[in-house]
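The first residue of the sequence shown is numbered 1, and numbering continues consecutively from there.
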Amino acid sequence: MTRFNTQLVHGLPVHDNTTGAVNPPIYNSSTYAFESVDAMPRWDYARSGNPTRDFLEGQIAQLEHGVRGFAFASGLAAIHAVLSTFSPGDRIVVGKNIYGGSYSLFNEFFSRWGLRIEAADTADLESLERIIAGNDSDGGDGSDGDKQAAPAKAVYFETLTNPLLQVNDVQAIARIAQRYGTRVIVDNTFVTPYLQQPLDLGADVVIHSATKYLAGHSDVIAGLVVARDEDFAQRIYFAQNRIGGVLAPAECDAVRRGMQTLSLRMERQQDNALAIAQYLLAHPLVRKVNYPGLPSSGENAAAKGLRGFGGVLSFEVAPGVNPSTVLDSLHVFRLAVSLGAVESLAELPCRMTHFELPREERLKVGITDELIRLSVGIEDVNDLVEDLGQALDKAYEELPAEEVESQLRSGAFA
């Protein structure tokens, strides 16, 4: 058995290469010839399967220690396929702090098809267990919880929440869910299998927006799913084949190629992110920094089954500081959504990645109008720190004199 970094480079061969090429071929055929009418070929139609896609699906299953992997045209397509395996009336518990697109898919799409979506604080294990068990549910009739609901069919959450970087304890949540026969679905995008393999901790399904760290170069949209058991894998395959949101061969190869350098990129991104978080933590115009790798965060990576905290962080500017000025003044950081690529990106969640959430919902979970999210790349960290410094200086320069005086008196800029 080869080790993780070797698996990143080589994957599992599809045994369909007679040329000696060191990379798996890109099969652009949409259909495949039958040897006879009665034949049962491995490949027949590309929606059902493709050798290039099969390589990537086998590789991600190997990396996440699952029985089977699936490649989709986007991360949301991957989530859609997994959620479509449930039935109208099923209750799905969802972490209250998730990506805005996922929030919309759950609450504006699947709720219309009869899934009962219930938000929960996945860091509060006692409250989470009550909700999973049905003790804190509305019973399905909109009442205030007088009725005992059936246990939830699934609990869905992100390993590190987007954009507040709350650490979810996969193993602890899985132990609770297993007591009630509840499936555990983990979005592992922010940490990748390099930093955590949730199936080893008791999760049933792992989902990735492979657009992010796995592909790593902002040049492909993709989603990946890995199942722990064959029964659920068959249900996901049925959804993939019937809904049809499969990843095209060239995009499969782009993800494969990006994954070869995942560990090298992630190590640099983590180092850069920690240095930037420490710089921001000491900056007088910054009120709060969200990065679990900071010693002050109190997070123990090993205790939560993590080998690191990735390259995303977020921070709030001090009262009166305009976050838009900070973002518009950046030069090395690019103002863009997405994350996990070699280049550093910055965005304003309230207007960009989380605009789907109503403002009152955003504020409830802590996504303020002053919150900025950074995806830290592999550039020289000194250039990144200097870029943030000059952008914060620009924001300070535009503050009215009376605002500066007031903040100085209050100690906000201390």
Side-chain angles (χ1 to χ4, degrees), residues 47-48 66 68 70 72-122 127-158 173-174 176-187 198 202-209 223-246 356-358 361 365:
R47 173 168 48 79
S48 302
R68 194 167 177 184
F70 306 91
F72 295 88
S74 70
L76 282 178
I79 299 171
H80 177 266
V82 172
L83 266 290
S84 73
T85 65
F86 296 97
S87 302
D90 284 351
R91 195 163 57 87
I92 311 297
V93 176
V94 178
K96 68 176 185 178
N97 177 204
I98 58 174
Y99 164 57
S102 302
Y103 175 93
S104 178
L105 180 64
F106 280 106
N107 293 282
E108 298 176 348
F109 182 84
F110 273 110
S111 61
R112 291 168 42 220
W113 298 99
L115 290 187
R116 293 171 50 204
I117 308 301
E118 295 188 20
D121 181 356
T122 45
S127 172
L128 179 64
E129 178 160 13
R130 290 194 298 271
I131 295 172
I132 288 175
N135 296 337
D136 278 2
S137 174
D138 64 12
D141 62 357
S143 65
D144 294 327
D146 295 332
K147 295 182 179 179
Q148 173 77 32
K153 292 292 185 180
V155 55
Y156 170 98
F157 58 94
E158 298 169 348
I173 294 172
I176 292 170
Q178 287 163 3
R179 289 199 280 270
Y180 302 96
T182 300
R183 294 279 192 181
V184 178
I185 304 168
V186 179
D187 185 329
D204 296 286
V205 176
V206 173
I207 297 174
H208 291 278
S209 174
L224 295 174
V225 174
V226 182
R228 186 176 66 168
D229 65 76
E230 187 59 36
D231 175 66
F232 208 6
Q234 288 292 337
R235 291 162 62 185
I236 295 170
Y237 176 70
F238 180 84
Q240 181 192 45
N241 196 19
R242 293 298 177 266
I243 298 172
V246 297
E356 295 98 336
L357 278 71
E361 293 298 321
V365 299

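The two atoms that bring Leu115 and Ser87 nearest to each other are CD2-O, 3.2 Å, heavy atoms only. Here the shortest heavy-atom pairing between Arg68 and Ala233 reads CB-CB, 4.0 Å. When all heavy atoms of Ala174 and Val184 are compared, the closest pair comes out as CA-CG2, 3.9 Å. The shortest non-hydrogen separation linking Ile207 to Ala78 is CG2-CB, 4.2 Å.
In this structure, Arg179 pairs ionically with Glu129, as a charged nitrogen and a carboxylate oxygen lie closer than 4.0 Å.
In this structure, the separation between CD on Glu158 and CD1 on Ile98 is 6.0 Å, given to the nearest 0.5 Å. Rounding to the nearest 0.5 Å places CG of Leu83 at 6.0 Å from CD1 of Ile117. Interatomic distance, CD1 of Ile185 versus CD1 of Ile79, reported as 9.5 Å (0.5 Å rounding). Atom CG of Asn107 is separated from atom CZ of Arg112 by 12.5 Å, given to the nearest 0.5 angstrom. Here the straight-line distance linking atom OG of Ser104 with atom CG of Leu76 works out to 8.5 Å at 0.5 Å rounding. Atom CD of Glu356 is separated from atom CD of Glu361 by 13.5 Å, given to the nearest 0.5 angstrom.
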From CA spacing to verdict: side chain to side chain contact (heavy atoms under 4.5 Å, CB included), Val186, Phe157: CA-CA 5 Å; Val186 179; Phe157 58 94; 3.6 Å; yes
Run Val94 and Glu118 through side chain to side chain contact (heavy atoms under 4.5 Å, CB included) and show every step you take. CA-CA 6 Å; Val94 178; Glu118 295 188 20; over 6 Å; no
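For the side-chain contact (heavy atoms from CB on, under 4.5 Å) test, no residue two or more places apart in sequence or in another chain qualifies with Ser111.
For the residue pair Ser127 and Asp121, no side-chain donor N or O sits within less than 3.5 Å of a side-chain acceptor on the partner.
With hydrogens and angles disregarded, no donor-acceptor distance shorter than 3.5 Å links the side chain of Arg47 to the backbone of Val246. Checking side-chain atoms of Arg91 against main-chain N and O of Ile132 turns up a donor-acceptor pair under 3.5 Å. Side-chain atoms of Thr182 come within 3.5 Å of backbone atoms of Ala152 as a donor-acceptor pair (strictly under, hydrogens ignored). The closest donor-acceptor contact from the side chain of Arg235 to the backbone of Thr85 lies under 3.5 Å.
Residue pairs that meet the ring-ring contact (aromatic ring centres under 6.0 Å, His included) test with at least one member in residues 79-108, sequence neighbours left out, are His80-Phe109, His80-Phe110, Phe106-Tyr156.
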